[in-house]
Amino acid sequence: MSDTEHQSQNPENPENTSRRKFLGAAALTGLAGAGLATGLAALDPVEAKEEEAEEGGESCKFEVPPGQLDDYYIFSSGGHSGEARIYGSPSGRTLKRIPVFNIDPMVGWGITNESKKVIGTKPDGSLKYITGDTHHIHGSYTDGTYDGKYLWINDKIHGRLARIRMDYMECDKITELPNIQGFHGLFPDKRDPVDPKINHTTRVFCGGEFHVPLPNDGRDLDDPKKWGCLFTCVDAESMEVRWQCKLSGNMDLVATSYDGKLAAANQYNTEGGAVYTDMMSAEHDAVVFFHIERIEAAIKAGKSFTIGDSKVPVVDGTKEANQDPKTALVCYVPVPKNPHGVNITPDGKYFVSSGKLSPTASVTATELVYKWFAGELKNPRDAVVAEPEIGLGPLHTGFDDKGNAYTTLFLDSQIVKWNIDKAIAQFKGDKKIQPVLDRIDVHYQPGHGYTSMGETKEADGKFFNSGNKFSKDRFLPVGPLHVETEQLIDISGDKMKLIHDHTAYPEPHDAIIVRRDLVKTRQIYNMDDFPNAVKNFADSRVERNGNKVTIYLASIAPMYSMTDFKVKKGDEVTIILTNHDKVEDLTHGFAIPKYDICFIVNPQQTASVTFIADKPGLYWCYCTHFCHALHLEMRSRMLVEPA
Ligand code: K7E
Ligand code: CUA
Ligand code: CA
């Protein structure tokens, strides 16, 4: 029994018990407001409890009472907000936004020198990009499950991969992938393809969705036949691009096998079409499988080329160059029309992709893909071992621990539960077998759906979260753009049960549900991790070097280490601020009016900003983050003297 269940059923929690009675009474008597007291008095408490079990009692089972903690973290992408988000589950509480590809004045992301360095700058020091579109977020693995070290998240707009370190929940590296556009799916490997001793993530795979001229330098603009897509492998630690593989067709989502040997991507534009009518003209597209060991051997052997200015080695994974299975780097498995999503079952045996324009899901056996690479399976299509009809507009699939799959149906606005073994038996010819076990309406048009721990070998079959694209009437209207609905579904029984709706600010795509014991965050920074830290209050000073001025500043509630500091008009000013407070959550802010400076320093953290002091006058630098009874009094002054 989980903590949550235990707590919500604890009769000794008076607040909880009285609330439950209230709900039960209201439901039973149909009374509301003023009439409620009469209804309550007439009630037998046992009767009330039974009634409650029928009316909304199911969600009470998953209530996280005030003061109690959730059992899971949900790490979610934020779409074209460019950020990542953290929710608690099952409560749906919003816990944190992690700025990545966006600017966030709350923490100073995109404003401090440290964050600008991560995001990347133009020669003039301004940010290279201020936009990003995050679709997929995945964690690092050790031994087939999350190790709580890193998260990776994509930027589809500019083709960048970002890493978030999970101890501080902050982005620490961003890599721009060469010669690709529309970087969409990503997935970390789960162990090394060759060395069995390396049982953790060492690579991250990235699928390129839009085909472009290679290199994209102004040539071949009108000749789609000459355009191409690249699959990119990034080193998980250094975040450098290791290699790329040129494909026939495009890539959408990415998944990896549990043995580290395969990465897969679904392809919806095998036609190489430049307009949607062409992109949906073929009856079959494909799921493509990359043989990682062979690709890396080919690169070692120098069987690679480069594109344009990029020094990254590229191997040829096109269909024409990969006809002989025994030497092929990639295997193209045909599946029906414009597939979307590819997910691997927790036992590693099957990759499931959805039809999108076909009402089917395709189940490809990992073992049979290896057989094709070994030359023992003639037709790659024979690696597909099931293709059940599941409903209209299937997109993404999550898994439980009992061999069942849960697929989002965009057009039907439903989640369909189906059994993989039954689907395989049906495909083999036993037409009496019905693989679909259950359906539930969701509100409305689900995109991604994912289960608790479902992308690890520790899938626990407790929850499925449906990320819906339209909320319509589910929440108060807030103007033209509606909030999105995330719906939590209990999948522990035979029938799926809707637990609750929670809102998500537009526009999340994918997420992962991670058991809370796998996440270990740190609350206090190590001052030594910042080479520019102002380690002692006594080190506070103004240092001038020509027209470059550095202000060494420290904070401890409720004061900064200097009451004022002087600079001259025209100076290039760098302010370095180290927070000496060691108490958890004792964060200070720092803002300068008219200079557009605003950032925070968490306990023992150092951050810096650089700007030109172009306006003479007195500027109160003040603490923006409530820290102390004398928070309003926590100030310093920047005095800018006329030149
Ligand atoms: Cu289906 Cu970008 Cu994962 Cu959106 S993709 S839902
Ligand atoms: Cu320091 Cu508010
Ligand atoms: Ca197609």
Side-chain angles (χ1 to χ4, degrees), residues 76-80 133-138 153-157 182-187 207 209 248-255 265-287 334-343 353-358 393-397 407-408 410 445-450 465-470 484 486 504 506-512 554-560 577 579-581 583 585-591 600-603 621-636:
S76 170
S77 58
H80 47 93
D133 182 17
T134 64
H135 283 228
H136 303 111
I137 183 164
H138 291 288
I153 189 163
N154 74 311
D155 163 24
K156 180 165 169 174
I157 301 177
F183 159 33
H184 194 189
L186 79 93
F187 220 101
E209 185 179 345
S248 302
N250 75 339
M251 283 152 287
D252 197 6
L253 279 293
V254 174
N266 63 296
Q267 305 192 289
Y268 67 78
N269 190 15
T270 52
E271 300 92 338
V275 292
Y276 83 90
T277 40
D278 289 341
M279 294 181 205
M280 55 184 280
S281 58
E283 273 317 306
H284 281 85
D285 287 295
V287 175
V335 295
K337 225 172 172 68
N338 288 36
H340 192 71
V342 56
N343 298 90
S353 56
S354 299
K356 191 164 82 181
L357 299 187
S358 154
L395 293 183
H396 297 282
T397 301
T407 303
T408 55
F410 182 81
Q445 273 91 28
H448 271 276
Y450 39 91
N465 193 87
S466 176
N468 306 317
K469 293 297 182 192
F470 296 91
E484 321 285 2
E486 300 280 314
E507 198 227 340
H509 285 249
D510 199 7
I512 53 174
S555 64
I556 200 154
M559 61 180 287
Y560 297 112
L577 175 60
N579 183 6
H580 282 240
D581 274 305
V583 179
D585 205 22
L586 221 175
T587 293
H588 298 291
F590 192 85
I600 57 168
V601 273
N602 290 303
C621 309
Y622 73 96
C623 178
T624 49
H625 201 89
F626 212 105
C627 56
H628 189 274
L630 291 170
H631 156 73
L632 292 175
E633 288 82 349
M634 184 167 174
R635 308 189 215 166
S636 180

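We count ligands from 1, going down the list as the structure has it; atoms in each ligand are counted the same way. Heads up: numbering here begins at 1 and tracks the sequence. What you see below is based on every heavy atom in this structure, not just the backbone, and it leaves out hydrogens, waters and symmetry mates. Every value quoted in this text rests on a predicted model; they were computed, and no experiment measured them.
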So which of the N, O or S atoms of Asp285 lies nearest the Ca ion (ligand 3)? OD2

Whether the side chain of Ser636 engages the backbone of Cys621 through a donor-acceptor N/O pair (distance < 3.5 Å, no angle test) should be reported. no

Quick check: does Asn338 put an N/O/S atom under 3.0 Å from the Ca ion (ligand 3)? yes

Quick check, are the ring centers of His136 and His184 under 6.0 angstrom apart? yes

Is the distance from the Ca ion (ligand 3) to some N, O or S atom of Tyr268 under 3.0 Å? yes

One finds that the ligand 1 atoms under 4.0 Å from a non-hydrogen atom of Leu253 are 3 (Cu)

For the residue pair Thr397 and Ser354, what are the closest heavy atoms and their distance? OG1-OG, 3.8 Å

Got a donor-acceptor contact below 3.5 angstrom from the Asp581 side chain to the Ala557 backbone? yes

In terms of atom number and element, which parts of ligand 1 are under 4.0 angstrom from non-hydrogen atoms of Lys469? 6 (S)

Of His80, His135, Glu209, which meets side-chain hydrogen bond (donor to acceptor under 3.5 Å, both in side chains) against Lys156? Glu209

His184 near atom 2 (Cu) of ligand 1: N/O/S under 2.8 Å: yes

Do any of the N, O or S atoms of Met279 sit under 3.0 Å from the Ca ion (ligand 3)? yes

Side chain of Tyr450, backbone of His396: donor and acceptor closer than 3.5 Å? no

dist Asn579:CG -> Leu586:CG (nearest 0.5 Å) comes out at 7.0 Å

With 2.8 Å as the threshold, which protein atoms of type N, O or S lie near atom 4 (Cu) of ligand 1? Leave waters out. His509 ND1

Enumerated ligand 1 atoms positioned under 4.0 Å from heavy atoms of His396: 1 (Cu), 3 (Cu), 5 (S), 6 (S)

Side chains of Ser77 and Asp510: is there a donor and an acceptor less than 3.5 Å apart? no

Could you establish whether Lys156 and ligand 1 come within less than 4.0 Å of each other, counting only heavy atoms on the residue side? no

Any sub-3.5 Å donor-acceptor pair from Asn154's side-chain atoms to Leu186's backbone N or O? no

Do side-chain atoms of Thr270 reach the backbone of Gly249 as a donor and acceptor pair under 3.5 angstrom? no

In ligand 1, the atoms that come under 4.0 Å of a heavy atom of His340 are 1 (Cu), 5 (S)

Would you name the heavy atoms of His588 and Cys627 that are closest together and state the gap between them? ND1-SG, 3.4 Å

Atoms of ligand 1 close to His136 [distance to a heavy atom under 4.0 angstrom, numbered from 1]: 2 (Cu), 3 (Cu), 5 (S)

